[in-house]
There are 2 protein chains.
Amino acid sequence: MYINLHLILLHPMRIEDEIKQPIFRDDFQKAHINLLFTASWLQLRQAVAFKPYGLTLPQFNILRILRGQHPLPATVALLIDRMLDKTSNASRIVDRLEEKKLVTRTVCPANRRAVDIRITVAGLALLERIEQDGVLNASDLTQLNDAEVQQLNGLLDKIRSGDELPGR
Amino acid sequence: MYINLHLILLHPMRIEDEIKQPIFRDDFQKAHINLLFTASWLQLRQAVAFKPYGLTLPQFNILRILRGQHPLPATVALLIDRMLDKTSNASRIVDRLEEKKLVTRTVCPANRRAVDIRITVAGLALLERIEQDGVLNASDLTQLNDAEVQQLNGLLDKIRSGDELPGR
DNA sequence: TGACATTAAATGTATGTACATAAATTTGCA
DNA sequence: TGCAAATTTATGTACATACATTTAATGTCA
């Protein structure tokens, strides 16, 4: 039930082998934990890969959204709309990118409530360097072949299909 | 590439249908995002389910570890060892459980560096109530059948197999 | 014994998430 | 026109993660 993440990160093995509580109730429970655990594993690998560049994952993602817009600006509302998690706080992530001179913030002249956010030359250069170093490829699912990846996508889509959030 | 979590939470659909950037580079990239995304989806469902009980997920997990030890105490070191993420801060999560009178902290008489942490009667009662209300089952992978769940476990195990963390 | 290393927990700092609220601007309509 | 509602961003609080450092107690060994 409870797993030591860093141990597995360094010495990958089947999830049973790291479980302290003896067994899972059933394969469903195992899959549930396995899913959360594998996602953490991927995220930690990514975070470690980005660390040498002084970026966190959310900061990297926002930079990429901004590059997608470049040379047009993005507003905070656009960033929120495109981020993985809608409720996270784009304003403060942009604060940190601004401190590092990777983005600029200017009041939108057409609508003074809004803020135009633009990636800087330094921001573009940093993204390019990260991509040229192959940081993204390092965290790919290289252990799976094409058929397996398609299977996985089907299963994950199915998990989220056909039901509503209970009690809301 | 970037997905609106809360929309999907309320209206599950295939992951392509929520993507703002037009397409994935390939099925591998899609599976990567799909995995992170589905795990967030499960976690958010769980967090929402625990909210009425005034617990966060890490707090709930630590309570369960403590019940597993009960009536013996656990040390902070034992909690860290059994938690999903070894580097998270068990001390401060125990702080919050202690404020809610769900656990007690006493200096270990045999080793005054260590702290004995025990679940209280109120803590045990809360766990029982949560489980009787079926909160755990609500977040199961009910959309999959037995064969699919086994397939999923195999694929997830395979993702983490056979390589080391690059550059560490 | 006493100096030094080791261990266990707590604390500090930076970041991010989740959620509520505030502040400024714009919109819309009586 | 003028005032309420809506929009856009920023801020505040609580909690958690990640990582470094501190504090206290114990262990080791010359």
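Just so it is clear: chains get the letters A, B, ... in the order the sequence lines come, proteins before strands, and each one is counted from 1.
- Considering only side-chain N and O atoms, A:Lys51 lies nowhere under 4.0 angstrom from the phosphate OP1 or OP2 of D:dA18.
- The interatomic distance linking B:Ile80 (CD1) with C:dT7 (C1') rounds to 12 Å, in whole Å.
- B:Ala122 and B:Lys101 get closest at one heavy-atom pair: CB-O, 4.0 Å.
- Regarding contacts with the backbone of D:dT9, every side-chain N or O of A:Arg105 stays at 4.0 angstrom or more from both OP1 and OP2.
- Comparing C:dG16, C:dA9, D:dT9 against the side chain of B:Val115 picks out C:dA9 as the nearest.
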Polar-atom pairs under 3.5 Å, protein N or O versus N or O of nucleotides 22-27 of chain D: list them with distances, or write none.
unit_1 : atom_1 : unit_2   : atom_2 : d
D:dT26 : OP1    : B:Arg112 : N      : 3.2

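- One atom, CZ of B:Phe50, and another, C1' of C:dC19, lie 19 Å apart when rounded to the nearest Å.
- Electrostatic pairing of B:Lys30 and A:Asp157 counts as a salt bridge here, judged by a charged N lying under 4.0 Å from a carboxylate O.
- Taking atom CG on B:Asp116 and atom C1' on C:dA9, their separation rounds to 13 Å, with Å as the unit.
- Here the side chain of B:Asp27 pairs no donor or acceptor atom with the backbone of A:Asp146 at under 3.5 angstrom.
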Show the atom names and distances, to 0.1 Å, of all donor-acceptor pairs under 3.5 Å that link a side chain in residues 111-119 of chain A to residues at least two apart or in another chain.
unit_1   : atom_1 : unit_2   : atom_2 : d
A:Asn111 : OD1    : A:Arg113 : N      : 3.1
A:Asn111 : OD1    : A:Arg113 : NE     : 3.2

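- In this structure, the side chain of A:Gln132 does not engage the main chain of A:Arg129 through any donor-acceptor pair within 3.5 Å.
- Judged by distance alone, the side chain of A:Gln150 and the main-chain N or O of A:Ala147 form no donor-acceptor pair under 3.5 Å.
- As judged by a 4.0 angstrom heavy-atom cut-off over every strand, B:Ile93 is placed among residues touching the sugar-phosphate backbone only.
- Ion pairing between a basic and an acidic side chain is recognised when a charged N comes within 4.0 Å of a carboxylate O; A:Arg92 and A:Glu98 show no such pairing.
- Mapped onto DNA chain D by nearest heavy atom, B:Leu55 and A:Ala114 fall at different nucleotides, with A:Ala114 at the one closer to the 5' end.
- If you check distances only, the side chain of A:Arg96 never reaches the base of C:dG16 with a donor-acceptor pair under 3.5 Å.
- Look at B:Gln43 and you won't find any side-chain N or O under 4.0 angstrom from OP1 or OP2 of C:dT17.
- The nearest heavy atom of DNA chain C to B:Arg92 and to B:Leu78 marks one nucleotide each, and the one closer to the 5' end goes with B:Leu78.
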